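This is a predicted model, so every value here is computed, not measured. So that the names make sense, note that chain A is the first sequence line, chain B the second, and so on, each numbered from 1.
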Amino acid sequence: MSAEEGAAQSRLGFQLGPDHISFDLDESAYPIDAVYGACYLFIDRCYVYLTRPAEGRVGVRLTAQEAASPEALDALAGEFANELLAQTLRNKLSQSTSRIREYYTAAALRAATSAPSVDDLLAELESEELLEDPLEIMVPWEEKHGDGQSSTDPDSKDG
Amino acid sequence: MAEQSVEIQTTALDTDNLGFFRWGKLGDRHIVTNDAGDWAILSADELSQLLSGEVGTGHPRFEEFQGKGFLRDGLDLDAFATKMAQRNRHVRRGPHVHVVTLSQNDGAANMSTETAEQIVDFALAGMSPAMSFEFQGAGGEPLENFATLQRFVEAAQTQNKQTTGKKLVFSVQTNLTAMTEEIAEWLIANEVLVCTRLDGPAAVHDANQKHFGGSTHADTVRWIEYFNRRYVELQRDPKQWHVEGRVAVTRATIGAAREVVDEYVQRGMQRIHLQPIEASDYDAETWQSIGYTADEYADFYRDTLDYIVDLNRKGVDLAEGMATIFLIKILSEEDPGIVDIQSPYGAGTSQLAYGVDGTIFPCDEARSGEETFAIGRVGEIAIGAIVEQPTVRAVAAASLLDAQPMCADCWNKPYCGFSPIRNFIAQGDLFGQRSRCFECKEHIAIARSLFAMLGENKPETTEVLKRWTVVRPPHAIDTRARKQAF
Amino acid sequence: MGERVAFDATLYREDALQAAVDAYSEVAKIEVSQGEGSFDAEFTDVGDYDPKMIVHAFANHVLHETIARRRQAALDTDS
Ligand code: SF4
């Protein structure tokens with residue numbers, strides 16, 4: 001990551017303007033999807049503008065939406081840099097696991113959208129009712145209050 | 001001028017041995033989640049060990065990470081897929097929440113009993129073995145049209161007994177202005193649950209009344225006490241039978257958060273549902289006096305949730321509604337199927353809404369975009385054909401978190417969802433910009449607060465949060481009312 | 001002459017730029033022309049708005065649209 005030429009340097013070596021901070025990135029180290037991912041997280045906080053200073057490089061300019069000190073602009077760019085690193089790692093992990101994800105997503109989709117029979121659905125519902133307290137935290141109402149056969153329990157409705 | 005460089009230290013990534021997961025910062029720790037909804041909270045060191053492949057058999061968290069599929073070694077893809085499918089299985093049941101608008105614009109239009117009967121026929125023909133019918137008003141009070149409510153419930157119960165045999169649940173979102181003892185007793189006898197707005201102590205509730213209308217604090221509390229007393233007299237389980245309350249959060253609420261919670265405790269409420277108001281519903285001047293930013297809301301939510309959990313640790317029994325929805329997703333393998341907190345969005349697949357004239361909408365929010373979102377009329381279309389409607393498909397496609405730039409990478413994705421229809425209303429676009437979206441900030445604040453608490457590993461806190469996940473019928477989990485019903 | 005801004009054609013999508021022009025049609029008059037390796041937008045008639053602010057906000061909008069459309073296109077290709 002390098003600063004643009006021709007202006008005062010920020011503490012972190014980015015180029016500082018009166019209301020903006022700029023730097024450029026090497027696309028071979030930071031894939032464009034990671035750059036976009038980081039930009040997206042910043043577009044509600046500042047104005048983001050991208051340029052192509054040279055083949056394989058992306059210029060990033062972050063402009064504050066309100067007056068900002070050089071320290072604040074530095075901090076903004078520092079945060080962007082951290083996010084960019086995280087995005088780069090996510091991107092790589094996403095690529096290296098793409099086949100795994102394709103497999104389980106397709107399998108889950110098949111299972112979740114297969115047309116169920118009414119009996120299947122009823123069995124599912126039954127099992128959910130049995131699991132009504134999946135974490136076994138609640139003392140059952142029946143245990144606390146006798147037989148619990150109140151006809152007014154919504155779960156005891158017909159059907 | 002010489003080129004200045006700032007190096008970012010690239011953490012090593014062991015791409016050959018890792019499963020897929022997402023991560024993000026949680027204070028000074030990190031949260032890691034995967035597509036099946038498993039999660040773990042890691043120190044910074046543990047995260048870099050995981051990423052760089054240093055978590056091997058001797059590592060203290062090896063088995064945990066392996067079991068959660070963060071490592072490729074031993075990853076059972078079919079079991080993983082089954083877990084994902086389990087979370088989405090409500091989708092194939094078809095619409096199970098039916099929001100029925102009984103009255104519109106202060107009674108200017110009311111649903112007829114004939115339309116009510118048509119809706120019953122239409123809805124009960126659906127696949128879902130359990131259905132929840134929620135009666136609302138749109139800029140009006142549903143109990144103003146009580147005769148239709150009665151007819152609806154009777155028709156549904158009779159038809160259900162004779163034919164479909166489903167499990168039916170009824171609830172009414174009422175501001176209580178039209179409540180009488182006669183109506184109350186009918187609702188109790190016919191097992192129609194009552195949900196209302198209680199914004200806190202009198203000072204806050206009555207100050208809000210000028211924006212939302214509805215009953216005064218005194219009347220609201222009087223009716224809450226009436227119903228709760230009658231349920232006790234009839235020996236009904238108070239966990240199932242109580243008035244559900246929601247808070248329309250305004251600037252006044254933010255300034256009196258603890259007093260609002262204390263009011264719920266004092267009234268013996270089981271759950272408080274904090275519901276932000278939406279800027280698009282108010283003119284600029286009103287919003288200036290009652291509105292807030294998403295960040296202010298997030299701070300308010302976190303502090304209020306802390307306070308509620310703290311009271312629970314001291315023996316109070318009060319759950320927060322949105323936290324409950326997220327906790328069910330986080331702590332169990334189920335998904336409560338809440339229309340706008342799932343991906344894809346459940347409009348038309350989990351929920352349907354009906355206008356006073358029987359117009360079908362994919363969800364309750366869609367009623368305000370009448371022309372754009374209407375998908376037909378009862379009597380003219382079969383419930384099984386709803387899912388094929390272009391509107392339903394477009395809304396579902398727009399809501400897929402995988403297609404959203406920020407969501408696709410977000411650690412909260414397994415538990416989250418958003419409403420394209422709300423985006424359309426607020427931003428004029430079904431997709432919207434996540435980073436500008438209020439509910440994105442709300443959802444991340446909720447999940448962040450909950451994981452921060454779970455990450456403390458304090459048994460008394462975890463027990464409180466687990467207790468909230470005990471499954472309730474859907475109407476009781478999601479007691480929010482959209483803008484028409486305030 | 002109004003404000004001008006160039007959007008590099010390898011970083012911004014043309015359809016994203018057009019979507020942003022449509023979204024800003026009530027705020028400013030924006031003419032788009034083809035530059036060398038870029039799409040150039042020229043702003044006139046920004047009314048009472050600060051022209052610099054409009055250009056910045058517009059650029060954010062184009063970037064958002066570009067990112068969202070790229071993601072959607074990638075998913076469409078996958079499926
Ligand atoms: S809406 Fe926000 S919190 Fe939810 S998954 Fe998307 S980015 Fe994350």
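The contact between B/Arg72 and chain A is made entirely by side chain atoms (from C-beta outward), counting heavy-atom distances below 4.5 Å. Heavy atoms closer than 4.5 Å to chain A are found in both the backbone and the side chain of B/Phe21. Proximity to chain B is absent for every atom of A/Gln95, based on heavy atoms less than 4.5 angstrom apart.
The closest side-chain heavy-atom distance from B/Phe20 to A/Ser94 is below 4.5 Å. Side-chain contact between A/Ile100 and B/Leu77: present, with at least one pair of heavy atoms (C-beta onward) separated by less than 4.5 Å.
Nearest heavy-atom pair across B/Met84 and A/Tyr104 is SD-CD1, 3.2 Å. The shortest non-hydrogen separation linking A/Ala108 to B/Ala81 is CB-O, 3.5 Å. Shortest non-hydrogen contact noted between A/Leu93 and B/Gly19 is CD1-O, 3.6 Å.
Annotation for A/Glu55: atom CD does not count as buried by contact number, only 12 or fewer foreign heavy atoms lying within 6.0 Å. With a 6.0 Å radius and a threshold of 12 heavy atoms from other residues, nucleotides or ligands, A/Glu66 has its CD atom at or below the threshold. No more than 12 heavy-atom neighbours from other residues, nucleotides or ligands sit within 6.0 angstrom of CD on B/Glu333.
At least one donor-acceptor pair under 3.5 Å links the side chain of A/Arg90 to the backbone N or O of B/Trp23.
Atom CE of residue B/Met406 and atom CG of residue A/Asp44 lie 7.0 Å apart, to the nearest 0.5 angstrom. The CG atom of B/Leu18 sits 12.5 Å away from the NZ atom of A/Lys92 when rounded to the nearest 0.5 Å.
Counting heavy-atom pairs under 4.5 Å between each of B/Thr82, B/Asp78, B/Asp14, B/Asp402 and chain A puts B/Asp78 at the top.
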